[in-house]
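Heavy-atom basis, side chains included; hydrogens, waters and symmetry copies ignored.
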Amino acid sequence: QVQLVESGGGLVQPGGSLTLSCVASGLSFNWYHIGWFRQAPGKEREGVSVISGDDESIEKTTYADSVKGRFTISRDNAKKMAYLQMNDLKPEDTAIYYCAATNSPFWSLPIDLDPATARFRYDFWGQGTQVTVSS
């Protein structure tokens, strides 16, 4: 049984930092591309960042424009974990953050993938972790 479990969310002041973690089990983690998504109240789920798996000869990452320069995605295949380092957090970053895994081709995973297609294209999803940015 495949499981993705996120952790690391919480309440942070604007300008603060958090690191989200996603631990995977039940899959050959290194072959899966990992995406981080978020969903704010009343809004659709949106892509935040994607990191490629081992089927890409060179590790590739993509970021939503809204988080470029502030968020960093990474992975540790030996630990079957992915991370999202979030710096200079803003109130608009408040959302539930999800990690997801897929072995669809990396080229088919643009960061602005529409939510319905993302739910289909990513094979496995975690339950999410809440991030709240507020003073």
Side-chain angles (χ1 to χ4, degrees):
Q1 180 181 359
V2 175
Q3 276 194 314
L4 298 177
V5 180
E6 304 94 336
S7 61
L11 173 64
V12 63
Q13 291 187 342
S17 298
L18 281 175
T19 299
L20 305 183
S21 299
C22 172
V23 60
S25 60
L27 77 169
S28 297
F29 181 76
N30 54 300
W31 292 109
Y32 281 78
H33 311 307
I34 302 297
W36 283 97
F37 294 79
R38 67 186 181 186
Q39 187 164 16
K43 294 188 177 181
E44 290 188 319
R45 191 171 298 187
E46 63 176 359
V48 175
S49 186
V50 184
I51 188 167
S52 60
D54 280 358
D55 63 337
E56 293 291 320
S57 57
I58 299 174
E59 184 176 271
K60 297 176 181 176
T61 58
T62 57
Y63 296 91
D65 287 344
S66 59
V67 307
K68 279 180 182 176
R70 301 188 298 123
F71 290 12
T72 302
I73 192 171
S74 61
R75 64 190 296 160
D76 184 332
N77 288 337
K79 296 181 178 178
K80 293 191 174 183
M81 294 193 71
Y83 306 95
L84 187 68
Q85 171 69 42
M86 306 185 295
N87 298 326
D88 189 23
L89 282 160
K90 304 176 181 181
E92 52 263 42
D93 295 317
T94 295
I96 299 175
Y97 284 71
Y98 302 88
C99 67
T102 180
N103 57 12
S104 296
F106 190 77
W107 58 261
S108 71
L109 307 172
I111 198 64
D112 58 351
L113 200 61
D114 69 271
T117 304
R119 289 179 186 272
F120 170 77
R121 194 152 297 167
Y122 280 81
D123 303 299
F124 308 106
W125 292 81
Q127 293 299 306
T129 185
Q130 176 71 48
V131 171
T132 303
V133 185
S134 175
S135 55

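In the hydrophobic clustering of ILVMFWY residues, with side-chain heavy atoms under 4.5 Å counting as a link, V12 and V48 come out together. Following chains of ILVMFWY side-chain contacts shorter than 4.5 Å, one can reach I111 starting from I96, so the two form part of one hydrophobic cluster. Taken together through direct or relayed side-chain contacts under 4.5 Å among Ile, Leu, Val, Met, Phe, Trp and Tyr, Y98 and L113 form part of one hydrophobic cluster. Y83 and L20 are members of different hydrophobic clusters when ILVMFWY side chains are connected at heavy-atom separations under 4.5 Å.
Side chains of T129 and S7 form no contact here, defined as non-hydrogen atoms less than 4.5 Å apart. For the pair V67/S49, no side-chain contact is recorded, criterion being any heavy-atom separation below 4.5 Å from C-beta on. Contact of the R38 side chain with the S66 side chain is registered, since non-hydrogen atoms from C-beta on lie closer than 4.5 Å. Between V131 and M86, some side-chain heavy-atom pair lies under the 4.5 Å cut-off. Counting heavy atoms from C-beta outward, E56 and H33 have side chains that approach closer than 4.5 Å. The shortest distance between side-chain heavy atoms of T62 and P110 does not fall below 4.5 Å. Residues D55 and F106 have side chains not in contact (no heavy-atom distance under 4.5 Å, counting atoms from C-beta outward). In this structure the side chain of Q130 reaches within 4.5 angstrom of the side chain of T94, judged on heavy atoms.
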- [ ] Apply side chain to side chain contact (heavy atoms under 4.5 Å, CB included) to the pair S134 and L11, showing each step before the final yes or no.
- [x] CA-CA 7 Å; S134 175; L11 173 64; 4.2 Å; yes
Task: Evaluation steps, ring pair (Phe, Tyr, Trp, His ring centres under 6.0 Å), between F71 and W36 - done: CA-CA 11 Å; F71 290 12; W36 283 97; 9.9 Å; no
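Interatomic distance, F120 CZ to T102 OG1, rounded to the nearest 0.5 Å: 9.5 Å. Rounding to the nearest 0.5 angstrom, the gap separating the CD1 atom in I34 from the CD1 atom in I51 is 9.0 Å. Of the inter-residue distances, the one linking R75 atom CZ with D54 atom CG reads 6.5 Å to the nearest 0.5 angstrom.
When atom types are taken as modelled, the side chain of R121 and the backbone of S104 share no donor-acceptor pair closer than 3.5 angstrom. At least one donor-acceptor pair closer than 3.5 Å links the side chain of D123 to the backbone N or O of N103. A donor-acceptor contact shorter than 3.5 Å is absent between the side chain of T72 and the backbone of Q85. A donor-acceptor pair under 3.5 Å links the side-chain atoms of E6 to the main chain of G128, judged by distance alone. The closest donor-acceptor contact from the side chain of K80 to the backbone of L27 lies under 3.5 Å. A donor-acceptor pair is defined here as one N or O able to donate and one able to accept, closer than 3.5 Å; such a pair exists between the side chain of R70 and the backbone of D88.
When all heavy atoms of A40 and A95 are compared, the pair lying nearest together is N-CB, 3.8 Å. Residue A64 comes nearest to G47 through the heavy atom pair CB-O, 3.5 Å, listed as atom of the first residue, atom of the second, then distance. Nearest heavy atoms, V50 versus I73: C-CD1, 3.7 Å. For S135 against P14, the heavy-atom pair with the smallest separation is N-CD, 3.7 Å.
Counting non-hydrogen atoms of other residues, nucleotides and ligands closer than 6.0 Å to CD of E92 gives a total above 12.
Under the rule for a ring-ring contact (aromatic ring centres under 6.0 Å, His included), F29 has no partner lying at least two apart in sequence or in another chain. When the ring-ring contact (aromatic ring centres under 6.0 Å, His included) test is applied to Y63, no partner is found at least two apart in sequence or on another chain.
No donor-acceptor contact under 3.5 angstrom links the side chains of E59 and S52, judged on distance only.
Using a 30° and 60° split on the angle between ring planes, Y122 and F37 fall in the perpendicular class, above 60°. In this structure, F124 and Y32 have tilted ring planes: the angle between them lies in the 30° to 60° band.
Between D65 and K68 there is a salt bridge, since at least one side-chain N of the basic residue sits less than 4.0 Å from a carboxylate O of the acidic one.
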